[in-house]
Amino acid sequence: MVRQASKLVQVAKTKAEWQKVAEHWDSAVTFMQAVPTSHPKHTIAQKKILEYQANLDYAKRAGNLAVN
């Protein structure tokens, strides 16, 4: 998810490509949200949610501005 989104964001130009980037970031957010509070990496997951959500928001804005 994250790796794919990171690669795609470097080349995305069209609305469809930005939509794909957004889908990957959305999946990454959902995955991090599923980390239980009892998990030792829960705190890291919470930080990643904020990071990935910001990336998702960026991809959505870029997609809205893209031609095609």
Side-chain angles (χ1 to χ4, degrees):
M1 292 171 271
V2 173
R3 195 173 283 179
Q4 293 150 329
S6 296
K7 286 181 182 181
L8 287 174
V9 76
Q10 295 175 22
V11 296
K13 290 182 178 67
T14 67
K15 288 182 185 278
E17 290 169 336
W18 282 109
Q19 176 61 34
K20 195 61 153 170
V21 172
E23 288 171 9
H24 286 297
W25 285 123
D26 188 51
S27 293
V29 168
T30 301
F31 186 75
M32 289 294 117
Q33 288 172 333
V35 175
T37 55
S38 59
H39 194 283
K41 302 243 179 182
H42 177 76
T43 302
I44 293 170
Q46 295 303 299
K47 290 178 185 176
K48 289 297 182 184
I49 290 169
L50 297 175
E51 179 185 332
Y52 297 167
Q53 185 63 53
N55 292 342
L56 171 59
D57 294 342
Y58 176 85
K60 286 180 177 180
R61 284 192 308 274
N64 287 336
L65 297 173
V67 178
N68 185 327

Measure the CG-NE2 distance between D26 and H24 for me, rounded to the nearest 0.5 Å. 11.0 Å
Residues two or more places apart in sequence or in another chain: which of them pass side chain to side chain donor-acceptor pair (under 3.5 Å) with K20? none
Sequence neighbours left out, what passes side chain to side chain contact (heavy atoms under 4.5 Å, CB included) with A28? Give chain and number order. M1, V2, W25, Y52
Check V21 against L8 and note the closest heavy-atom contact, atom names and distance. CG2-CB, 3.5 Å
Could you go through residues 33-46 and list every donor-acceptor pair under 3.5 Å that involves a side-chain atom there, pairing it with any protein atom two or more places apart or in another chain?
from, atom 1, to, atom 2, distance (Å)
H39, ND1, K41, N, 2.9
H42, ND1, V35, O, 3.2
H42, ND1, P36, O, 3.4

Please list, chain by chain and in numerical order, all residues satisfying side chain to side chain contact (heavy atoms under 4.5 Å, CB included) with A66, sequence neighbours excluded. K15, W18
Does K60 have any side chain to side chain contact (heavy atoms under 4.5 Å, CB included) partners at least two apart in sequence or in another chain, and if so, which? A22, L56
So, D57 versus Q53: side-chain donor-acceptor pair below 3.5 Å or not? yes
Ring pair (Phe, Tyr, Trp, His ring centres under 6.0 Å) filter on F31, not counting sequence neighbours, yields none
